[in-house]
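Bear in mind that the values here come from a model prediction, so they are computed numbers and not experimental data. Reckoned from all heavy atoms, side chains included, excluding hydrogens, waters and symmetry mates. Residue numbers start from 1 in every chain, and the chains themselves are labelled A, B, ... in the order their sequence lines are given, proteins ahead of strands.
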2 protein chains.
Amino acid sequence: MTSLSERQVSGNGSRPTMRQVAELAGVGVKTVSRVINGEPNVTAETAQRVLDAARALDYEPDLHAGNLRRADRRTRTLGLLVGSVDNPFAGAVHRAVEDAAAGRGVAVFASSLDDDPQREREAVSAFLRRRVDGLILTTATAKQTYLLPELRRGTPIVFVDREPSGIEADAVVSDNAGGAARAVEHLLSHGHRRLAYLGDLRGITTAHHRREGFLDAIRGGGIPAADVHVIEDLHDESSAREALLRLLDGPDAPTAVFSAQNLITIGALHALRDRGRHRDTALVGFDDIELADLLEPGVTVIAQHPEDLGRIAAERVFARLDGDASPAHRVVVGTTLIVRGSGEIPPRS
Amino acid sequence: MTSLSERQVSGNGSRPTMRQVAELAGVGVKTVSRVINGEPNVTAETAQRVLDAARALDYEPDLHAGNLRRADRRTRTLGLLVGSVDNPFAGAVHRAVEDAAAGRGVAVFASSLDDDPQREREAVSAFLRRRVDGLILTTATAKQTYLLPELRRGTPIVFVDREPSGIEADAVVSDNAGGAARAVEHLLSHGHRRLAYLGDLRGITTAHHRREGFLDAIRGGGIPAADVHVIEDLHDESSAREALLRLLDGPDAPTAVFSAQNLITIGALHALRDRGRHRDTALVGFDDIELADLLEPGVTVIAQHPEDLGRIAAERVFARLDGDASPAHRVVVGTTLIVRGSGEIPPRS
DNA sequence: ACTGTCGTTGACATCGTTGTCAATCGGGCG
DNA sequence: CGCCCGATTGACAACGATGTCAACGACAGT
C-alpha cells in the first residue's frame, strides 16, 4: 500500500528512458533498442542484462518517439468514428474492429459522431494529428472531399455503414435498399396495404437507401403511394414514438409499420403499447434489437451484421496498409429477415 | 474524384511538416509553431501568411512530435478499459468518458477486457507505451500491484465499476452490496422465502459484493440459508439460462430469482420463458436492460448509473491531471430500484 | 543623438527513439 | 602467423516539434 501523498514526493513524473536502461545495464542505447525490438545480433548474456534493467526500472518504450524516427512511420493506431459508442450497433462494429486490430498490436481511438458534421471534422482532425495509421468512418457530412488530400497521401480510409460521397474510397455497408424491400415484401405477403415508413434524418445515406428500397417495393407491390405514410427526420426513440402515436390516432392508421433503425423501432414499440395496438399492428424493424425475441409478440426484424461490417472494414484498412493499391472496394453485407411474430400479424379487416 | 491507382503515384506518403509550412510562408519554423499554437507576439500579417500556407498544404501538426519536446508532456489521450465495448453498460461508461474528454481535446483509447487478466496487462501496457495521460480501468487481475510504479510516477489511475486491490487509487463503483440487498428486501416484502442468486465469476469484485449484499439481506430477513440457491461463476447468457433451467426443473425451485448482471438477467428471462414460468416466478435483475419495460411482465431491476460512473471517473482523472494530490477517493454511486412487474410477482402458494 | 525597452523573429539544442555506419573482437583459414 | 569475415557493439544524426535565447528594429525618454 502506498499513500497518494507519497506519490507526489517520489512521483517526480520521471519515466525511465532507454538511456537510463542502457546505463543500468552498462550498454549503449542502441543495444537496448535492439533487445527491446527483438533485433538480431545481441548475445544472450547482453540481452538478459538489458531485460533485467528494463524490468527493474519498469521501463515501457515510448512508441511515439520511436515512430518519429522509424522508417515505416506507423503508430499502430486506428481511428474509428461511429454513430455513438453507446449504441448497440456501433458497439458491435467497434468490438469487431478492436478484435481485428488487437491481433496486430494496433490500438483503437473511438469517437462518437452524433450525426454532427462538425464533430466529424473535429474527430478526423484529432485522429490525424495523432497520426493514426488508418481511418474507419461513419460520416455525417454531405461530402467528404476534405479527406481527399489525406487519401492521396496514402492513409487508408474505409467508410463503414454509410457510403462516402465525393471521394472514391473503400466502403463497407449493409444492403439497405434490399433489406428494406425485403421487409415490405414480407408485410405485403401477409396482406397489408396501408403501410407506414418511419425513417431517420434525410441527410443520412442509409436512411435514403432504406427509404428508396421501401418505396421501390411498395411500387413493385402495386400499392398506391397515397396508402403509404412516409415519416422522416426521426432520430431518437421519443420522436419516433410521437410520430407513430400521431399516425395511430389519425384517420387512416397503418396496419403495418416499417421502422428503419433500432432506436426508431424501440420508439415504435412504445407507441404501439401506448395505444394497445401491438397485437393488431404489424411491425418490422431494420437492425436487430436485444430482447426482441422475448417481447409478445416477438419483434420481426431485418437484422444487420455489424460484426461483419466492422471486421471487413478493419480488414480493408490492414490490406491497404499491407500495400493493396487496387481500386476502391465497395462491400455490401447482406441482411437477414428474422421472423418473430410482429411482422406476421395480419391486417385488421 | 480521384482514382486509387493515382494515389499510389502521388501518394508518396509525404506529409507536410512545420518546416515545409515555414518555407512556403517564408518564415522560420518557430514562427509557424507560434501561430499554430496561438502563442502571442506574432504580427497579424505574418500569422495570416502562415495560416494560408498551412491551409494550402493541408497541414496537421504532429501531436506526438510536439509532445516529445513540450514541457507538460501531455499526449491529450486517455486509456479506457471496459468489460467489452459491445456491452451496453460499458457503452454508457465509454460515452460518458468520451464526453468529458472531448471537451478538453482529449482522445480516448478503448479496449475490451473480457475478464481476462492477461488482456488487462496487455491493454495497460499498450496504453502506457502510447503515453496516455491517464487510465480508467475495469480490471480482471486479482491484484493490481503491477500498477504501483506507474501510479508513483504520477499517472492518474481511476478504477471504475470494480474496486482495486493491493493499490490505493481512485475508484468509482456502484453500490453493489446495497443494491443487491435492496433487491432481496423487495422480494422478501412480497412474501418470497425460496430465493435464488445467479452470479458472475467469483473472482470479480462486483460479483463478490453483490453476493455479500444478497446474503446479508437474506440473513437479515431471517431466511435459512438452506432455502436459498446460490449459483455462481455464470458469465454469459447461455450459462445463466442453463443454470436457471436446472433450478426450475429441480425439486425445490425458487419462487424468486436475483440475477446479478445484465447478461445473466437476459439468460434468466429466457429460462423462465422456456419453462413458461415468467408469470409466476419473481425476478429482479442487477443493471438495467433495454426494453425491460416492454416485456410482460416488465423486468424489475436495480438500475446502475453507468453514465455517472464514467463521468465521475473522467472527472477524477482530470482533477489529478490538474494537480489534485489528495488521498485516493472512493466514490460510490447509488443504484435505483425500478419497479416494472417481474419483481412484484407473489410466491406460488 | 544615445540608451533602454519591448515586440518580433529565427537559430539552435533537445525530447526518446531508430537507422547508419564504423570500430572492435574472435575465430577460421591459407 | 597474418588476414579476412562475420558477429557484436556503440557513437552519431535524424525524425517533427517546442523551449531558450539572442538578434534585430522601432520607438520612447532623456
Distance, rounded to the nearest Å, where B/R131 contributes CZ and C/dC15 contributes P: 15 Å

Walk me through whether A/R15 and A/D58 qualify under salt bridge (Lys or Arg N to Asp or Glu O under 4.0 Å). CA-CA 9 Å; A/R15 189 184 293 280; A/D58 194 47; over 6 Å; no

When you check the gap from the basic side-chain N to the acidic O, do B/D133 and B/R320 get nearer than 4.0 Å? no

Rounded to whole angstrom units, what separation is found between the NZ atom of A/K30 and the P atom of C/dT17? 12 Å

Pairing of A/E98 and B/R119 as salt bridge, 4.0 angstrom limit: yes

For residues 76-83 of chain B, run the donor-acceptor check on the side chains, cut-off 3.5 Å, and write out each pair with its distance to 0.1 Å, sequence neighbours left out.
from  : atom 1 : to     : atom 2 : distance (Å)
B/R76 : NH2    : B/R104 : O      : 3.0
B/T77 : OG1    : A/R130 : NE     : 3.3
B/T77 : OG1    : B/T75  : O      : 3.1

Rounded interatomic separation in angstrom, taking CZ from B/R129 and P from C/dT18: 12 Å

Between atom CZ in B/R49 and atom C1' in C/dT9, what is the gap in whole Å? 11 Å

Provide, to the nearest angstrom, the distance between the CD1 atom belonging to A/I36 and the P atom belonging to C/dT18. 8 Å

Starting at CE of B/M18 and ending at P of C/dT9, how long is that distance when rounded to a whole Å? 15 Å

Any ion pair linking B/R131 and A/D62 (charged N to carboxylate O, less than 4.0 Å)? yes

Parallel, tilted or perpendicular for A/F109 and B/F109, by the 30°/60° rule? parallel

Estimated bend of the helix from C/dA1-D/dT30 to C/dG30-D/dC1 (axis per five terminal pairs, rounded to 10 degrees): 50°

Send over the distance from B/E23 CD to C/dG10 P, rounded to a whole Å. 12 Å

Anything under 3.5 Å between a protein N or O and an N or O of nucleotides 4-9 of chain D, put it in a table, one pair a line.
from  : atom 1 : to    : atom 2 : distance (Å)
D/dT8 : OP2    : A/N41 : OD1    : 3.0
D/dT9 : OP1    : A/T43 : OG1    : 3.2
D/dT9 : OP1    : A/T46 : OG1    : 2.6
D/dT9 : OP2    : A/T43 : N      : 3.1

If a pair satisfies ring pair (Phe, Tyr, Trp, His ring centres under 6.0 Å) and one of its residues is in residues 40-83 of chain A, list it, with sequence neighbours excluded. A/H64-B/H64

Has B/Y59 got a side-chain N or O lying under 4.0 Å from the OP1 or OP2 atom of D/dG16? no

Separation of A/L128 atom CG from D/dG16 atom P, in whole Å? 16 Å

Going by the rule side-chain hydrogen bond (donor to acceptor under 3.5 Å, both in side chains), which residues pair with A/Q48 if we only count those two or more places apart in sequence or in a different chain? A/D52

Salt bridge check, B/E307 against B/R311: does any charged N sit closer than 4.0 Å to a carboxylate O? no

Please work out which residues in residues 60-76 of chain A have a non-hydrogen atom less than 4.0 Å from an atom of DNA chain D and list them by number. A/L68, A/R69, A/R73

Would A/T46 and A/T31 count as a side chain to side chain contact (heavy atoms under 4.5 Å, CB included) here? Give the steps. CA-CA 9 Å; A/T46 308; A/T31 298; 3.8 Å; yes

Quick one: do B/R74 and B/D72 make a salt bridge, cutoff under 4.0 Å? no

